[in-house]
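Throughout, numbering of the chain's residues begins at 1 and tracks the sequence. Values reported hereafter were calculated over all heavy atoms of this structure, with side chains retained and with hydrogens, waters and symmetry mates removed. One-based numbering, in listed order, for ligands and for the atoms of each.
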Amino acid sequence: MVCEVCGKMQEAAGKCPECQASMPPFSALRSWAVYSGPVRKAILRLKYMGDIALGEVLSRPLIELVKQLSWKPDLMTPVPASLARRKRRGYNQASMLALPVALGCGITYQPGALVKTKNTPTQVGLTAAERRDNVRGAFQARRHYVEGKSVLVVDDITTSGATIRACADALLRAGARQVYGLTLARAVLENVV
Ligand SMILES: [Zn+2]
């Protein structure tokens, strides 16, 4: 079972202790798979080896997941990469997932809803608290796209939920009505590359 809000694995139904203590800025966060085995390999290929066709393949289970959830987002946006990272890699792997999911679910795709304004170091090897500090204030949302809207943010992996949380903070500040998070995989801190 998973926490009904943050999607973290737990024994019981309902909210996890952290969400009971302090609700995250997003309404819900869900992931399709655990970050290990073939899913991990596929994400690494998508992310570091330029195998962008994999995005379309990996979007299929996400489309099914979105269809099962009762979310009714007005638009979908990928977690943006910093300009430096985009230039180095040539693409943003989150967009490679978000675009086909938006098309498959009939949800408006708006890649310009969020911008990354801070060049953050990689989250790899950081604790949950360090991750939160690392991405705090790293994103800004464009009000004219998101005001009054329910927004679904898409990323490849979530670990502590810090990135989706920072995106949700930015979106709500810019007037979004509600934010959901969707990632392909969920990692536990210990098994992140
Ligand atoms: Zn929770």
Side-chain angles (χ1 to χ4, degrees), residues 1-37 39-40 43 58-59 61-80 93-94 97-98 101-102 105 107 113-114 116 120 122-141 146 149-193:
M1 257 178 242
V2 298
C3 165
E4 64 186 27
V5 181
C6 72
K8 195 169 69 182
M9 271 168 266
Q10 61 176 13
E11 303 280 307
K15 294 188 186 75
C16 74
E18 287 98 291
C19 290
Q20 280 176 34
S22 164
M23 278 288 282
F26 49 78
S27 301
L29 168 61
R30 290 292 181 276
S31 308
W32 168 63
V34 173
Y35 184 62
S36 65
V39 173
R40 177 176 168 274
I43 288 176
L58 294 169
S59 73
L62 283 177
I63 293 169
E64 291 311 307
L65 180 58
V66 172
K67 286 180 178 170
Q68 282 164 28
L69 295 162
S70 55
W71 303 348
K72 296 275 176 283
D74 300 307
L75 55 97
M76 271 179 77
T77 192
V79 169
Q93 78 278 359
L97 292 169
V101 176
C105 296
I107 300 167
L114 281 166
K116 191 157 189 195
T120 53
T122 171
Q123 302 269 75
V124 175
L126 302 182
T127 66
E130 287 166 344
R131 281 162 186 263
R132 204 165 292 180
D133 287 343
N134 192 29
V135 293
R136 183 172 291 142
F139 301 98
Q140 259 178 33
V146 305
K149 301 277 169 62
S150 173
V151 183
L152 173 50
V153 182
V154 179
D155 207 356
D156 52 349
I157 316 172
T158 187
T159 304
S160 63
T163 300
I164 299 289
R165 190 180 281 263
C167 289
D169 282 335
L171 287 161
L172 295 175
R173 266 202 313 275
R177 193 174 78 246
Q178 191 176 31
V179 179
Y180 294 102
L182 178 75
T183 73
L184 187 65
R186 183 155 197 128
V188 288
L189 277 173
E190 296 80 66
N191 70 6
V192 182
V193 242

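The stretch residues 24-35 participates, sequence neighbours left out, in no salt bridge (Lys or Arg N to Asp or Glu O under 4.0 Å) pair at all.
Protein N/O/S atoms closer to the Zn ion (ligand 1) than 2.8 Å number 4 in this structure.
In this structure, the separation between CG on Asp74 and CD on Gln178 is 9.0 Å, given to the nearest 0.5 Å. Here CG of Leu171 is found 10.0 Å from CD1 of Ile164. Values are rounded to the nearest 0.5 Å. Distance check, rounded to the nearest 0.5 Å: CG of Leu182 to CH2 of Trp32 gives 12.0 Å.
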Pairs under 3.5 angstrom only: tabulate donor-acceptor contacts from the side chains of residues 9-24 to other protein residues two or more places apart or in another chain.
residue : atom : partner : partner atom : Å
Gln10   : NE2  : Ala12   : O            : 2.9
Gln10   : NE2  : Gly14   : O            : 3.0
Glu18   : OE1  : Lys8    : NZ           : 3.2
Glu18   : OE2  : Lys8    : NZ           : 2.3
Gln20   : NE2  : Lys15   : O            : 2.8

For residues 61-73, dump all side-chain donor-acceptor pairs below 3.5 Å to protein atoms at least two apart in sequence or in another chain.
none

